[in-house]
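Down below is the structure, laid out as structure tokens.
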Protein chains: 2
Amino acid sequence: MMTVLFSRKCEYALQGILYLAENQFKGNISAEQIATDLDISRDFISKTLQSLVKDDIIQSHRGKSGGFTLAKDPDSMSLLDIVLIIDGNSVFESCVLGLPTCGADSPCPVHDKWGPIREASRKMLENTTVAQFQPITGSEY
Amino acid sequence: MMTVLFSRKCEYALQGILYLAENQFKGNISAEQIATDLDISRDFISKTLQSLVKDDIIQSHRGKSGGFTLAKDPDSMSLLDIVLIIDGNSVFESCVLGLPTCGADSPCPVHDKWGPIREASRKMLENTTVAQFQPITGSEY
DNA sequence: CCATAATCGGAGTATATAGTCCGAATTAAA
DNA sequence: TTTAATTCGGACTATATACTCCGATTATGG
């Protein structure tokens, strides 16, 4: 195991969303194809993407030549949106040393130093939209 | 569950070490006392501290009025030292999106943005020594 | 010397997360 | 209209981590 900031499920969700953005012009993308190209489990990425369908982040289409597509304008979809849906915002709220009482009034030894780093992480995810990673349409023809 | 950067075990180790530094002048501190004051499991913090004894971070003393003490000058002990012993350095090396191929040659979408944040985290831990949190000796008498 | 209080070591249990499997529903294409 | 390819839902298994328990060992202090 050992992820950095997010759960595996969240990492896969982010990878999957970015993959969908990159391949947006191809229409429906099956879990099979995503799994193959990202080299992860088909059933697991499938389940993970299904959970994002409920939140209108992606659309799913059953049946032959079905698959997943982005549900919204990728410009309006930040990586933070996905993180908050899957992992919640505890990573941006909890004490990095795990002290339950840590806060402005009773700060842990690294509370003040961690604050700006956490904010930078948050802003990075907030300012990074899925659209930034689409291929420029037509550039390759 | 849901920690921020480190495993629970690592969080407890950091909390325990800082507690030992704060109470350094009291001599041996039992796992029982640490657990009570930090409100965590005695057996678990005990095991965690035991694993740090091997690495000469802390000393243990069996028998009546035994317990744990810091093994080194707290000035020469950074939080990073403890993190590396318990969790290793994968948190400072791995891709934040979990992409195994991510690197300078094949960067993930947030690779360049994450680098400085990761370095800041690392430096924060490296520059924070356990000694900074000892009470100033004599100041309270 | 004895009772007590502590770590140590090993083994075990609990829980959350990760990942699998299968059958049903659905849909497009042949 | 049939077949094949797909998501969907639920239940299941696997694994890593968190946490507990107990008996042995050790040492202090009365």
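Every value quoted in this text rests on a predicted model; they were computed, and no experiment measured them. Below, chain A is the first sequence line, B the second, and so on; all start at residue 1.
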Between A/Asn127 and A/Lys123, is there a donor-acceptor pair closer than 3.5 Å when you use the side chain of the first and the backbone of the second? yes
C/dA5 P sits how many Å from B/Glu32 CD, rounded? 11 Å
Evaluate the side-chain contact (heavy atoms from CB on, under 4.5 Å) criterion for residues B/Trp114 and A/Leu5: first the C-alpha distance (whole Å), next the side-chain angles of each, then the deciding distance (0.1 Å), finally the verdict. CA-CA 11 Å; B/Trp114 179 248; A/Leu5 277 176; 3.4 Å; yes
Record whether the side chain of A/Lys47 comes under 3.5 Å of the base of C/dG19 through a donor-acceptor pair of N or O atoms. no
May I ask you to decide if A/Thr129's main-chain N or O and A/Gln132's side chain share a donor-acceptor pair within less than 3.5 Å? yes
To the nearest angstrom, how far is B/Arg8 atom CZ from C/dT17 atom P? 11 Å
Any donor and acceptor pair, going by atom type alone, linking the side chain of A/Ser51 with main-chain N or O of A/Thr48 inside 3.5 Å? yes
Can you list the steps and then say if A/Ile86 with A/Leu14 is a side-chain contact (heavy atoms from CB on, under 4.5 Å)? CA-CA 10 Å; A/Ile86 305 281; A/Leu14 291 167; over 6 Å; no
I need the CZ-C1' distance between A/Phe6 and C/dA16, as an integer number of Å. 19 Å
Return a single string for nucleotides 24-30 of chain C, one symbol per nucleotide in 5' to 3' order, where B is base contact, S is sugar-phosphate-only contact and - is none, cutoff 4.0 angstrom on heavy atoms. -BBBB--
Over all strands shown, is A/Ser46 touching base, sugar-phosphate only, or nothing at heavy-atom distances under 4.0 angstrom? nothing
Over how many whole Å does the gap from A/Asp43 atom CG to D/dA11 atom C1' extend? 13 Å
Quick check on C/dG19: is either OP1 or OP2 less than 4.0 Å from any side-chain nitrogen or oxygen of A/Tyr12? yes
Rounded interatomic separation in angstrom, taking CD1 from B/Ile86 and P from D/dA18: 10 Å
Using atom CD1 of B/Ile34 as one end and atom C1' of C/dT7 as the other, report the distance to the nearest whole Å. 12 Å
Atom CZ of A/Phe68 and atom P of D/dA5: how far apart are they, to the nearest Å? 17 Å
Could you report the tightest heavy-atom contact between B/Leu97 and A/Gln15, atom names first, then the distance? O-NE2, 2.8 Å
Nearest-angstrom distance from the residue atom CD1 of A/Ile40 to P of C/dT20: 11 Å
So, OP1 or OP2 of C/dA6: does either fall under 4.0 Å of a side-chain N or O from B/Ser60? no
Non-hydrogen atoms of A/Lys113 and B/Thr128 that approach each other most closely: NZ-OG1, 3.0 Å
